[in-house]
Amino acid sequence: MSEPNGTPAGWQGGTVWLTGLPSAGKTTIAVGLAERLRSGGHRVQVLDGDEVRAALSSELGFSKEDRDANVRRIGYVARLLAQHGVTVLVPVIAPYAHSRAAVRDLHAAHGVPYVEVHVATPVEICADRDVKSLYARQVAGELSGLTGVDDPYEAPVDPDLRVHTQHRTVDESLRQVRALLTARGLA
Ligand code: ADP
C-alpha cells in the first residue's frame with residue numbers, strides 16, 4: 001500500500017543527529033545519505049545548520065546559551081517532521097552534551113525514534129580539511145569561539161554510532177550510518 005506521494009504507508013520517520021567538529025564530515029554524510037534514502041522512496045529532510053540558523057535563529061550568536069537555544073529549536077523542528085514519517089538528518093555540531101540529551105528526551109517523550117551519530121574526526125584532520133576556512137581564520141585571529149579549538153566540544157560518551165572518517169571513504173561512512181538506520185527500522 002502506498003500513500004499518494006509514493007511513500008509506502010507506515011514507514012517510520014526518525015531523527016538522525018550527526019554531531020562533530022567543523023569539517024568532520026557531518027554534511028557530506030547527511031547529504032549523501034539523503035540522496036540514497038530518497039531514491040529508496042523515503043521522505044527525507046536535511047536540516048542544515050547554516051540554513052536553519054538563517055531561517056530560525058538569525059538573532060542568535062555562538063555563546064553557550066545561544067548555541068543551546070539553536071539546538072533546541074532544531075530539535076523541535078526535527079521531532080515534528082520525524083513524527084510525520086520524515087527521516088530527518090541533522091548535520092549540526094551541537095557541542096554540549098546536555099542540549100543533545102534534551103533533544104533525545106524530547107523525541108522519547110513523543111515516541112519518535114532518535115539516533116545520535118558522532119562523526120568523530122580528530123581536530124587535526126578537520127583543520128587540515130578546513131572546508132569553510134574556519135580553522136585558518138581562527139589561526140589568523142579573524143574569528144574566535146571555534147568549536148574544538150577555542151570553544152568547547154563535549155564529545156558524546158555513548159553515541160548510537162561513532163564514525164571515524166579519517167580511516168574511511170565517504171562511501172564507507174555512508175554505508176556505516178545506513179546500516180545503523182536499517183538495524184533501527186529507519187531505512
Ligand atoms: P561538516 O559538515 O562536518 O562541517 P563537511 O561534510 O562539510 O563537514 O566536510 C567534510 C569534508 O571531509 C568533505 O570535503 C568530505 O569530502 C571529506 N571527507 C573525507 N572522508 C570522509 C568521510 N569518510 N566521511 C565524510 N566526509 C569525508
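Computed from a prediction, not measured in an experiment: that's the story for all the values here. Quick note: numbers below take in every heavy atom, side chains included, and nothing from hydrogens, waters or symmetry partners. Numbering of ligands and ligand atoms starts at 1, following listing order. We're numbering straight along the sequence, starting at 1.
A donor-acceptor pair shorter than 3.5 Å cannot be found between the side chains of Ser144 and Asp150. Checking Arg129 against Thr165 by side-chain atom types alone, a donor-acceptor pair falls below 3.5 Å.
Residues forming a side chain to side chain contact (heavy atoms under 4.5 Å, CB included) with Arg162 (at least two apart in sequence, or on another chain): His118, Ala120, Pro159, His164. By the side chain to side chain contact (heavy atoms under 4.5 Å, CB included) test, Pro152 pairs with Tyr96, sequence neighbours left out. For Thr169, the side chain to side chain contact (heavy atoms under 4.5 Å, CB included) partners two or more places apart in sequence, or in a different chain, are Asp171, Glu172.
Atom CH2 of Trp17 is separated from atom CZ of Arg100 by 9.5 Å, given to the nearest 0.5 angstrom.
Listed as neighbours of ligand 1 are Leu21, Pro22, Ser23, Ala24, Gly25, Lys26, Thr27, Thr28, Ile29, Arg129, Val131, Thr165, Arg168, Thr169, Val170, Ser173, each bearing a heavy atom under 4.0 Å from the ligand.
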